[in-house]
A.B. asks: 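Before I ask anything, here is the structure I am working with.
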Amino acid sequence: MEKLVQLGRRVPAAKPARPPWLRIRLSESDTYHDVRGLLQDLKLNTVCDEARCPNIWECWGKHKTATFMILGDVCTRACRYCSVTSGRPKGPPDADEPARVGEAVRRLGLSHAVLTSVDRDDLPDYGAGHFAATLAAIRASQPGCRVEVLIPDFMGDPDALEVVLRSQPEVLDHNTETVPRLYRRMRSKGVYARCLQVLQRADAWRRQNGVAMTTKSGLMMGLGETFAEVLEVMDDLRGVNCDVLTMGQYLNPTKKHVAIDRYWTPEEFADLKQEAQKRGFLHVESGPLVRSSYHAHEHVPARAPQPIV
């Protein structure tokens, strides 16, 4: 069954209508249903579902990939752009979840797995130990599989971050999401300087330990940022030696979420990519439908990350 859909909610009349480049063709293939059935059988959450990702049909139906969302489906924060349920999680993390994720990776035959999570500010280690346990389970079930972790900020706790770093993911991703001016309005408990600090500490750790780990961050366009502000964020990310940058269009999940300020054009995304490449990012994904984990297996640089000069 195929149907044409437009992504993003209807914006007020004063705002531009949804542009044609945000139309995608959805196809409910057998592979898509196989992946959904597997995830349901193993009782696993994905950010694909929870964040209402526009690429779910391609990722599940064509590539058999999914971004596993661990630590439950209730987030202790309430960012204005995110559709994940917010509140106070009930009980500790599911101790069997790491093994189930490992089993899913094995059955899907993945060579690159992506883990993310809700924020768990209610836990003493903010969920870092659960990340490490899940990564270990993946490696036990599917040896040779690269693991990318898209982590929260762990409230800036360096010990929690080191727990994840010691598990040696091939890619450590922490999304900047937006520009500093918009943090207070958009990001629940988010602190721009703390975001950069997470990436800086990850870079320092890999240097000290001689680990060829890739660092990565992502931005959403359409929350009210300016081109100049995005360039400043690029400079800040390169200042902490971030290797990979993703940039995509924000699409509000429901009418209750913050409205789209404007749609960035494909040409503007191309200009952003060029600017990022000038600054020395080893890999850049920039386009209306780009998300941090979309085609994540292609984001690992062909050469090892090098210090900035």
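For the single chain, residues carry numbers from 1 onward in sequence order.
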A.B. asks: Determine whether a donor-acceptor pair (N or O, by modelled atom type, separation under 3.5 Å) exists between the side chain of Glu225 and the backbone of Leu223.
C.D. replies: yes
A.B. asks: Checking the side chain of Asp119 only, and the main-chain atoms of Asp121 only, is there a donor and an acceptor separated by less than 3.5 Å?
C.D. replies: no
A.B. asks: Hey, does the side chain of Glu97 reach the backbone of Leu71 with a donor-acceptor pair shorter than 3.5 angstrom?
C.D. replies: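 Side chain of Glu97 to backbone of Leu71: a pair is present.
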A.B. asks: Under 6.0 Å from the ring centre and within 45 degrees of the ring axis: does the NZ or CZ of Arg262 meet both conditions for the six-membered ring of Trp264?
C.D. replies: yes
A.B. asks: Is it true that Arg279 and Asp235 have a side-chain N and a carboxylate O under 4.0 angstrom from each other?
C.D. replies: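 Answer for the salt bridge query: yes.
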A.B. asks: Please determine which of Leu161, Asp173, Leu115 meets the side-chain contact (heavy atoms from CB on, under 4.5 Å) test together with Ile151.
C.D. replies: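 Between Ile151 and the candidates, side-chain contact (heavy atoms from CB on, under 4.5 Å) is satisfied uniquely by Leu161.
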A.B. asks: Backbone N or O of Leu165 within a donor-acceptor pair of the Gln168 side chain at under 3.5 Å?
C.D. replies: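 Not a single qualifying donor-acceptor pair exists.
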A.B. asks: Hey, does the side chain of Asp203 reach the backbone of Leu199 with a donor-acceptor pair shorter than 3.5 angstrom?
C.D. replies: no
A.B. asks: Donor-acceptor check, side chain of Arg100 to backbone of Ala104, threshold 3.5 angstrom: yes or no?
C.D. replies: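 Checked: no pair found.
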A.B. asks: Any donor-acceptor pair under 3.5 Å linking the side chain of Ser141 with the backbone of Ile138?
C.D. replies: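 Checked: no pair found.
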A.B. asks: If I compare all heavy atoms of His257 with all of Thr254, which pair ends up nearest, and what's the gap?
C.D. replies: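 The answer is ND1-OG1, 2.7 Å.
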A.B. asks: Between the main-chain N or O of Arg77 and the side-chain N or O of Ser188, is there a donor-acceptor pair closer than 3.5 Å?
C.D. replies: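 It does not hold such a pair.
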A.B. asks: For Val84 and Cys75, work out which heavy atoms get closest and say how close.
C.D. replies: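 Heavy atoms of Val84 and Cys75 come nearest at CG1-CB, 4.1 Å.
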A.B. asks: Around atom CZ of Arg166, are there more than 12 heavy atoms from other residues, nucleotides or ligands closer than 6.0 Å?
C.D. replies: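 Counting other residues, nucleotides and ligands, CZ of Arg166 exceeds 12 neighbours.
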A.B. asks: Can you find a heavy atom in the side chain of Arg139 that is under 4.5 Å from one in the side chain of Cys145?
C.D. replies: no
A.B. asks: Ignoring hydrogens, what is the shortest heavy-atom contact between Asn175 and Arg187? Give both atom names and the distance.
C.D. replies: O-NH1, 3.5 Å
A.B. asks: Tell me whether Asp125 contacts the main-chain N or O of Ala160 through its side chain, where contact means a donor paired with an acceptor under 3.5 Å.
C.D. replies: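 Not at all, since once roles are kept as given, no pair shorter than 3.5 Å links the two residues.
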A.B. asks: Apply side-chain hydrogen bond (donor to acceptor under 3.5 Å, both in side chains) to Asp236 and Tyr192, showing your working.
C.D. replies: CA-CA 10 Å; Asp236 288 343; Tyr192 180 73; 2.6 Å; yes
A.B. asks: Keeping the roles fixed (side chain from Glu170, backbone from Val147), state whether a donor-acceptor pair exists under 3.5 Å.
C.D. replies: yes
A.B. asks: Between Lys216 and Glu148 (salt bridge meaning N to carboxylate O under 4.0 Å), is one present in this structure?
C.D. replies: yes
